[in-house]
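Atoms within a ligand are numbered from 1 in the order they appear, just like the ligands themselves.
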Amino acid sequence: MTPHESLLRPDRFPLSSRYDPTWLLGLDMGPHPLWQLEDLLTLVSLTPGQRVLDLGCGRGATSVFLAQQCGVEVVAFDLWIEPAEIRAVVDAAGVGDRVTVVHGDARSLPFEDGEFDAIVSIDAFEYFGTDVHFLPGLLRVLRPGGQVGMTTPALRDDPYAVHPPDAVLDLVGGEAAAWHSPGWWATHWGLTGSADGITARMQEGGRDHWLRWSRAHGSASAREIAMLESDADPDWIGFALVAATKRSRAD
Ligand SMILES: C[S@@+](CC[C@H](N)C(=O)[O-])C[C@H]1O[C@@H](n2cnc3c(N)ncnc32)[C@H](O)[C@@H]1O
């Protein structure tokens, strides 16, 4: 099996397997975003026609997936990637009429109160979501009872409880402080008092998924592969899946 073929797993990820790995790798900004999204959708259920914010959408692969596989209206929102680049991706995928591209900062959202039915975010919360003020600000744009779900790189043993392994610090330095455990995220969201039904867990097989992605890149990812292989335990690192519902009343 070639590294690219190892990114096709119709048994485990039937929806993601509809997408060409070469297309996805060409939009790369981190480990397999569609596998993360497909797993997140077991915690966040979307209904066709809903208005969904794809927060930190990168080059737009997840926005294409949401429009095509879930039939939702997507707002693809990102800070680092030029809107024209994202628009070209969604147009080429034939979903330009169902995806609106907006440039901006998640910490200052240019949206109305309660305008989204759901918010999803793949591999982006580590850049802005650890601030205690962030979630309440994000939930402002979600309707009461709406769902929020995110994935983010995670260490099973929280970096504030157990010093991160050298292999992690060597690769990402202080950024490892944001690679919180699922339990940390559940507490962090719970303390806001504005979210109900919080679920947080490691993605099953997350380290293996990450390794497959890195190997598909070849030698450019050698340091990342070394980090992932530095501990034989398959679950020590991966992605946290975190989801909740916006509380209907603040009190
Ligand atoms: C690791 S990339 C992941 C992109 C995409 N979700 C994916 O999985 O391919 C993180 C993304 O978060 C976005 N991001 C970082 N800080 C942000 C902020 N303050 N507001 C909005 N987006 C942000 C970046 O622009 C980047 O596209």
Side-chain angles (χ1 to χ4, degrees), residues 7 13 15-16 19-41 44 52-67 69-70 74-90 93 99-111 116 118-142 148-154 168 171-180 203 206 209-210 212-214 216-217 220-221 224 227 237-242:
L7 296 179
F13 296 106
L15 301 180
S16 304
Y19 295 87
D20 180 356
T22 305
W23 172 77
L24 200 56
L25 284 162
L27 303 175
D28 170 51
M29 293 193 73
H32 209 309
L34 302 188
W35 287 356
Q36 293 178 48
L37 177 57
E38 194 165 345
D39 268 349
L40 187 65
L41 291 176
V44 174
V52 176
L53 176 62
D54 185 358
L55 187 71
C57 66
R59 298 195 162 88
T62 49
S63 298
V64 168
F65 181 105
L66 288 165
Q69 306 304 325
C70 305
V74 184
V75 173
F77 186 80
D78 201 80
L79 183 62
W80 301 341
I81 304 298
E82 285 300 318
E85 185 177 344
I86 303 169
R87 207 168 291 121
V89 171
V90 300
V99 179
T100 305
V101 179
V102 179
H103 181 262
D105 192 321
R107 293 164 293 194
S108 142
L109 292 166
F111 303 114
F116 293 100
I119 299 170
V120 298
S121 180
I122 302 300
D123 191 6
F125 250 68
E126 64 272 23
Y127 298 110
F128 45 72
T130 57
D131 182 339
V132 295
H133 302 289
F134 179 72
L135 189 70
L138 178 64
L139 293 183
R140 178 187 67 76
V141 304
L142 183 65
V148 55
M150 68 85 168
T151 70
T152 189
V168 174
L171 187 72
V172 298
E175 259 189 49
W179 290 12
H180 286 293
Q203 184 188 30
H209 300 164
W210 194 337
R212 287 178 187 235
W213 185 264
S214 301
H217 272 293
S221 307
E224 192 166 277
M227 175 192 76
I237 194 169
F239 279 80
L241 308 180
V242 188

K.L.:
Which one of Leu34, Asp78, Asp28, Leu24 has a non-hydrogen atom at the shortest distance from atom 25 (O) of ligand 1?
P.N.:
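Minimum heavy-atom distance to atom 25 (O) of ligand 1 goes to Asp78.
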K.L.:
So, Glu38 side chain and Leu15 main chain: donor-acceptor pair closer than 3.5 Å or not?
P.N.:
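Here the side-chain-to-backbone pair exists.
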K.L.:
Against heavy atoms of Gly104, which atoms of ligand 1 measure under 4.0 Å?
P.N.:
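Those qualifying, in numeric order: 20 (N), 21 (C).
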K.L.:
Ligand 1 versus Trp80, non-hydrogen atoms closer than 4.0 Å: side chain, backbone, both, neither?
P.N.:
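For Trp80, the contact with ligand 1 is made by both the backbone and the side chain.
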K.L.:
Among all protein heavy atoms, pick out the one at the shortest distance from atom 5 (C) of ligand 1; state its residue, atom name and that distance to 0.1 Å.
P.N.:
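The closest heavy atom on the protein side is Gly56 O, 3.5 Å.
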K.L.:
Heavy atoms only, cut-off 4.0 Å: how does Ala61 contact ligand 1, side chain, backbone, both, or neither?
P.N.:
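Near ligand 1, Ala61 shows nothing, with every heavy atom at 4.0 Å or more.
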K.L.:
Number the atoms of ligand 1 from 1 as they appear, then name those within less than 4.0 Å of a heavy atom of Asp105, with their elements.
P.N.:
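Selected atoms, number and element: 18 (C), 19 (N), 20 (N).
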K.L.:
In the protein, which heavy atom is nearest to atom 12 (O) of ligand 1, and how far is it?
P.N.:
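The closest one turns out to be Ala124 CB, 3.5 Å.
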K.L.:
Who's the nearest protein heavy-atom neighbour of atom 1 (C) of ligand 1, and how far?
P.N.:
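Looking only at protein heavy atoms, the one closest to atom 1 (C) of ligand 1 is Met29 O, 3.1 Å.
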K.L.:
Counting only N and O atoms by type, is there a donor-acceptor contact under 3.5 Å from the side chain of Ser121 to the main-chain atoms of Leu55?
P.N.:
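Yes: the side chain of Ser121 pairs with the backbone of Leu55.
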K.L.:
Can you check which of Ile122, Ile86, Thr151, Leu79 brings a heavy atom nearest to atom 23 (C) of ligand 1?
P.N.:
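Going through Ile122, Ile86, Thr151, Leu79 one by one, Leu79 has the nearest heavy atom to atom 23 (C) of ligand 1.
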K.L.:
Would you call Phe125 and Thr130 a side-chain contact if the rule is heavy atoms closer than 4.5 Å?
P.N.:
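Phe125 vs Thr130: side chains apart.
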K.L.:
Quick one: nearest non-hydrogen protein atom to atom 17 (C) of ligand 1, plus distance?
P.N.:
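The protein heavy atom lying closest is Phe128 CD2, 3.5 Å.
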K.L.:
Could you see which bit of Arg59 sits under 4.0 Å from ligand 1, with heavy atoms only: side chain, backbone, both or neither?
P.N.:
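Neither part.
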K.L.:
Could you tell me which atoms of ligand 1, counted from 1 in the order shown, lie closer than 4.0 angstrom to a heavy atom of Gly58?
P.N.:
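The list of qualifying atoms is 4 (C), 5 (C), 27 (O).
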K.L.:
Between Arg107 (side chain only) and Gly137 (backbone N and O only), is there a donor and an acceptor less than 3.5 Å apart?
P.N.:
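Side chain of Arg107 to backbone of Gly137, a donor-acceptor pair under 3.5 Å: no, none is there.
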K.L.:
Tell me whether Ala106 has any N or O atom under 3.5 angstrom from an N or O of ligand 1.
P.N.:
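Yes, there is a polar N/O contact under 3.5 Å.
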